[in-house]
Structures are given as C-alpha cells and as structure tokens.
Amino acid sequence: MAEEKKERDSNEESVKLFVGQVPKHMTEAQLLTMFKEFALVDEVNIIKDKTTRASRGCCFVICPSRQEADKAVNACHNKKTLPGASSPLQVKYADGELERLEHKLFIGMLPKNVSETDVSALFSDYGNIKDLQILRGSQQTSKGCAFLKYETKEQALAALEAINGKHRMEGSTVPLVVKWADTEKERQARRAQKALSQASNVPNTDSQHPSLFAALPMGYVPPYNGYGYQAPGPYGLMSYRLPPMQNQPGFHNMIPPINQGNALRPDLVPSMNSRNYHVPPTSYIGSYPGLHHPMAYHGGMVSPRPLSGSSGSVPPAGVNNHSTTSPGTSRSPGGQVEGPPGANLFICHIPQEFGDEELANTFQQFGRVLSAKVFVDKTTGVSKCFGFVSYDSPEAAQSAISMMNGYQLGGKKLKVQLKRDKQNNKPY
DNA sequence: TCATATT
C-alpha cells in the first residue's frame, strides 16, 4: 500500500487510458508492443473477470504524460480494428482521469453577495486561477458555492489546506469550506441515492442546499488519493448504505411498473414490496429431472401453436411462471456466455420492462439458457428492447425461434433470430 | 436491430 502511494506520487503526470474492443486472447505484451508504435507507454493492464481471470475484452494503458496519452487516443480511437474484434478500438481517458488532472476545487459557505473578484482575490494567493465559477440560481442569486481550477495540483492543495475551515469571508459567520470537487462517479452515486430515498419517502440531507450540505459538521475531507475515488467521507456512509434488496440482481428493473394492459404479469417485475420476489428459484434442471433434450418439452409443456389466431394470447408455458434462473445452472456470474455456433439468439421488441431475468425465464423452456442479456442504456438504465439469449445447443435455439418468433408479448411481436456471426476481422 | 467492458 505504501508502495502504491509512492508509485502514484512519483507518477503524477502519468495518464491512464481505457481501451475497449480488445480481443480476449491478446496478451499485455502484445498490446504494449502495438501501442508503443503510437506513443510512449509505461504499462498495459488487461481487465479481467474477478473470478475466472479471463480477459473482459478491455484494458488500461498507462502513458507517462497527457501528451503521450493524446497521441495514443488520436492514433487508435475508432481507427483500428484488432483481429477478432467486431468493431474498432475504443481509446479514452479512464474514468476519473480527466477530473484528476483538473485539480478542481469546491468552495462552499460563500457569502450570498460575493463576487468573482472577491473570490479571486483570496484564492490567487495560492496560484494562478484557470477557471472560477460561482454557482447562481435563476435570478443570478448566488448559491453560496463555487468551483475553481488552478494550474497545478500543488496550488490547489495549498489553497485547500490554508483556507478550508479556517478562513471566514467578510459578511459571513462561518468559515469557507474547500474540498476536492466530486468526481462524476460520486455525483452519480449521490443522484442514485437521492432517487432511492425519494422513492422510499425517507427524508434525506441531499435535498438541502449544496453549501449547507457541504458544510455539515464533519467537514473534514480526506486528502485526495490521486485516483478520483475518495474513501467514504462526510456522506460516504449514507451513499453506500443501500437497502439489501437494491444490491440484488434485478435492481435495474425497479423502474416503476408501467401498466399498459399488456399480457405481462406485474409479479414478473421484481419490486421491493412484492412478496413474489422471494419465491424460491426453480431451476431448470430441478423442474425437469432427467430431461436433457430440449425438444422433449415440446410435446408436454408447450402449446404447439402459440401464434395461431385468437388462441395466440395464451403464452407458451413458462412465460408466466415464477421460476427464476437458478444460479447453479445458468449464466456465469460475470458476463455474457456465448453458446456453441447456432445456439445464440438475437431478440428484439422485448417489452420495455423486461430485464435479464425475465428474458431468461421466458426462454428457459426451450433449453438450457447459458446467458440472457437485455441491453439497457448505459446512463438511464432504460431497456433498449433488444437482447441476447444463448443456449447450450442449436436445437434449443431453433425451437425457441419456432415458438417465440412473432410471439406477441406486450405491445409488439418478438423478433427472434440467430445472432449474427462476427465476421469483420481486420488485421491492424 | 447484433455482446459498451472501468482491475
């Protein structure tokens, strides 16, 4: 740990890049060699699955300076496709990296009538101010806080240490608060926390005025650790103390159920106050002991013609059952498991409220589901209404296509087809 | 409407 700190301190200039679309079979040495053609690179770290240690198809690249990092980005981002990848390399500053390089400070407890000039006068003692912004409301009224950037981290640190909690501005009864501005991640965490506490009607301090909030009793801020992640500080405890349910898979499905009078049963959508959420998982194997050929289900379990005429409203068995995907028999914990050729399905027009679990439940009746993934918007968490289901056999996939393609689920008809092959393999 | 992933 002391070593980690030493390394970080001596490498303040270095910049970490995140690289996506890295073929899983490539080694760190190979990647290092490749990136060195374009920029100075100190290190490549492949990002691996925590449990399987397999590459997750992306890596970090450490460059000695911002200049070198930019060279790598400009030469590679969207510019080259590695053999085996389906789309070009994605090369960007890693999360928090830009913010780390900005040395941005938050200043709280400013008097309401303070001007930019007043703030500059005080803070310019510690370095050149590159950017200063006093937060104002609709009528130009100050919100009592500001953001400020210096040219170097040392200047920012000097100002922070000299002023935070120690300097009282004219017209104010309390000292200024100076801390490192929240990173994007911290803001996200706080937004999420706010949404959650509002949903459960618990009053929370987040709704208070920003400057009051920052100035709450335990105003001390731990030294910046150089990585953009702060140890749980003043509001850290609150941010991470989520009700247990919200840490469970299916959390992202806690969008308010939209009732559109469709065929979906509300109890298929996990919800915090639904007892049905706790129904014990029924595993595929447990339900059908001894049956290993997916086709075997067709006779007994599934109506042969789900799409025909008026009887089309009766869903195939399993769509409405409560079983959830059993941990023992289903997707591996981390990512997408790809089945053998011909066993992977692409599905679109999935009902908005379906998550991975509902998708798996709907398709598990045709065979062993290795993975089921509904794609969601990265930032809003809203379903994009398409996804993938992988089986362990092409036969299962075929039977799912014949039974489910065109099947009316919610407002639209499902489209179920074999997943496209990845074919575009260009050398670099 | 075809696996976007942050040790």
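Lettering follows sequence order; numbering is per chain, from 1. Hydrogens, waters and symmetry mates are skipped; everything else that's a heavy atom, side chains included, is used.
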May I have the distance from [X] (atom [atom1]) to [N] (atom [atom2]), rounded to whole angstrom?
| X | N | atom1 | atom2 | result |
| --- | --- | --- | --- | --- |
| A/H77 | B/dA5 | NE2 | C1' | 14 Å |
| A/L17 | B/dT7 | CG | P | 15 Å |
| A/L370 | B/dA3 | CG | P | 18 Å |
| A/R100 | B/dT6 | CZ | P | 19 Å |
| A/K373 | B/dT1 | NZ | P | 18 Å |
| A/I47 | B/dT7 | CD1 | C1' | 6 Å |
| A/D421 | B/dA3 | CG | P | 11 Å |
| A/L89 | B/dA5 | CG | C1' | 13 Å |

Between [options], which nucleotide has the shortest distance from any of its atoms to the side chain of [X]?
| X | options | result |
| --- | --- | --- |
| A/F346 | B/dA5, B/dT1, B/dT6 | B/dT1 |
| A/S390 | B/dT6, B/dT1, B/dA3 | B/dA3 |
| A/S87 | B/dT4, B/dC2, B/dA5 | B/dT4 |
| A/K419 | B/dT6, B/dT4, B/dA3 | B/dA3 |
| A/F386 | B/dT7, B/dT1, B/dA5 | B/dT1 |
| A/K415 | B/dA5, B/dT7, B/dT1 | B/dT1 |
| A/S371 | B/dT6, B/dA3, B/dA5 | B/dA3 |

B/dC2 phosphate, OP1 or OP2, under 4.0 Å from A/Q417 side-chain N/O: no
Side chain to side chain, A/C59 and A/V22, heavy atoms closer than 4.5 Å: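 Side chain of A/C59 against side chain of A/V22, heavy atoms only: contact under 4.5 Å found.
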Per-pair stack call A/F388 and B/dA3, 5.5 Å, 30°: yes
For A/F346, ring-ring contact (aromatic ring centres under 6.0 Å, His included) partners two or more places apart: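 For A/F346, the residues satisfying ring-ring contact (aromatic ring centres under 6.0 Å, His included) (neighbours in sequence not counted) are A/F386, A/F388.
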Intermediate values then yes/no, side chain to side chain contact (heavy atoms under 4.5 Å, CB included), A/F106 and A/L148: CA-CA 7 Å; A/F106 171 87; A/L148 183 149; over 6 Å; no
Sugar-phosphate only, base, or nothing, as touched by A/K24 at under 4.0 Å among non-hydrogen atoms: nothing
ring-ring contact (aromatic ring centres under 6.0 Å, His included) pairs, two or more places apart, involving residues 38-74 of chain A: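 Sorted result for residues 38-74 of chain A: A/F18-A/F60.
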Salt bridge A/K149-A/E102, side-chain N to carboxylate O under 4.0 Å: yes
No-H, no-angle donor-acceptor pair, A/S86 side chain to B/dA3 base, under 3.5 Å: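 Looking at the base of B/dA3, it does not pair with any donor or acceptor on the side chain of A/S86 (distance under 3.5 Å).
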